[in-house]
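Working notes, structure below.
Not measured: the values here are computed from a predicted model. Note: hydrogens, waters and symmetry copies are ignored here, and every other heavy atom, side chains too, is used. Positions are given from 1 along the sequence.
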Amino acid sequence: MKPNLKIIAAAAMIALGCITSAHATTTLEGKVVKVRDADTIEIATNQGRIAVRLNGVDAPELKERGGQAGKKWMQRTYGNAILTCQFNGQKTYDRYVGVCFDKNGTDIGAAVIAAGHARDCPKFSGGRYRKYETDASRAIPPKRYCQ
């Protein structure tokens with residue numbers, strides 16, 4: 001039996017729409033299964049594995065000064081943790097944008113900034129993380145897209 005490509009394509013579009021709409025201003029719980037860097041994680045949810053870009057957090061890239069240290073801090077602090085993420089409906093590259101909280105209600109974006117491994121990205125945070133910045137986090141050169 002030959003597969004009907006039109007039916008397969010339509011099913012794929014419906015599935016993609018369901019996944020995308022599931023992330024639009026929604027909340028999901030998941031386990032951290034990968035830390036890409038200090039502002040990007042991957043969580044395993046009941047809707048599958050999801051890459052999350054922490055909204056309003058500006059961390060160095062892995063090749064930049066402090067990038068590896070930020071990733072290691074995030075791995076030690078939140079590796080395998082269960083998080084609740086609130087997605088705002090935006091997507092950047094393969095990542096859904098959201099704010100994530102640990103089981104104690106701690107905003108992990110605020111935590112990584114307070115630990116000195118990232119800084120506030122006011123263009124996207126509205127300045128909500130500025131109060132968590134430390135001397136170490138303010139020493140991180142801000143990305144142009146955050147200003």
Side-chain angles (χ1 to χ4, degrees), residues 8-147:
I8 293 171
M13 293 298 287
I14 290 168
L16 180 61
C18 290
I19 291 170
T20 301
S21 66
H23 299 291
T25 60
T26 194
T27 301
L28 292 174
E29 184 176 275
K31 179 180 179 180
V32 176
V33 291
K34 182 176 183 178
V35 173
R36 292 186 186 178
D37 58 26
D39 59 21
T40 303
I41 59 174
E42 293 179 22
I43 59 173
T45 74
N46 61 0
Q47 295 192 20
R49 192 169 172 151
I50 298 169
V52 182
R53 171 66 165 89
L54 298 177
N55 188 36
V57 178
D58 178 12
E61 300 302 323
L62 294 176
K63 65 185 180 300
E64 296 173 344
R65 183 175 181 216
Q68 290 291 333
K71 176 181 178 176
K72 288 176 185 171
W73 180 89
M74 188 67 84
Q75 287 171 325
R76 280 191 315 273
T77 309
Y78 293 108
N80 296 312
I82 302 297
L83 303 178
T84 300
C85 298
Q86 298 171 345
F87 297 95
N88 66 11
Q90 297 175 330
K91 191 173 181 185
T92 176
Y93 300 102
D94 68 326
R95 307 165 299 177
Y96 291 92
V97 179
V99 178
C100 298
F101 302 89
D102 68 14
K103 65 181 177 184
N104 300 315
T106 301
D107 178 334
I108 70 168
V112 72
I113 291 169
H117 296 291
R119 65 180 303 146
D120 182 41
C121 183
K123 181 175 180 183
F124 297 101
S125 74
R128 77 175 169 270
Y129 293 127
R130 184 171 311 277
K131 64 186 174 187
Y132 299 104
E133 288 186 335
T134 64
D135 289 341
S137 61
R138 284 188 291 273
I140 297 169
K143 305 278 189 322
R144 275 190 267 172
Y145 60 76
C146 285
Q147 302 169 348

Restricting to non-hydrogen atoms, name the atom on [X] and the atom on [Y] that form the minimum distance, rounded to 0.1 Å.
X    : Y    : answer
A38  : L54  : O-CD1, 3.9 Å
A118 : I140 : N-CD1, 3.5 Å
D120 : G127 : OD2-CA, 3.4 Å
V35  : D37  : CG1-O, 3.4 Å
N88  : Q90  : OD1-N, 2.8 Å

Atom pair [atom1] ([X]) and [atom2] ([Y]), whose distance is rounded to the nearest 0.5 Å:
X    : Y    : atom1 : atom2 : value
L28  : I50  : CG    : CD1   : 5.0 Å
T26  : Q86  : OG1   : CD    : 9.5 Å
T45  : E29  : OG1   : CD    : 10.0 Å
D102 : D107 : CG    : CG    : 9.0 Å
I108 : I41  : CD1   : CD1   : 4.0 Å

Distance-only check: which donor-acceptor pairs under 3.5 Å involve side-chain atoms of residues 55-68, not counting sequence neighbours?
residue	atom	partner	partner atom	Å
D58	OD1	K143	NZ	3.1
D58	OD2	K143	N	3.0
E64	OE1	E61	N	2.9

Between [X] and [Y], is there a donor-acceptor pair closer than 3.5 Å when you use the side chain of the first and the backbone of the second?
X    : Y    : value
N104 : T106 : no
R128 : S125 : yes
T134 : S137 : yes
R138 : E133 : yes

Q. Does the side chain of V112 reach to within under 4.5 Å of the side chain of D39, using non-hydrogen atoms?
A. no

Q: Could you check if a side-chain atom of Q75 sits within less than 4.5 angstrom of a side-chain atom of K72, using non-hydrogen atoms only?
A: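 Yes, close enough: below the 4.5 Å cut-off.
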
Q: Could you note down all residue pairs passing ring-ring contact (aromatic ring centres under 6.0 Å, His included) where residues 104-147 supplies at least one of them, sequence neighbours left out?
A: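 Pairs touching residues 104-147 that pass the test: W73-H117.
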
Q | CA sep, side-chain torsions, deciding dist, call: R95, T40, side chain to side chain donor-acceptor pair (under 3.5 Å) | A | CA-CA 8 Å; R95 307 165 299 177; T40 303; 3.1 Å; yes

Q: Would you mind listing every disulfide (SG to SG under 2.5 Å) that reaches into residues 101-147, with sequence neighbours excluded?
A: C121-C146

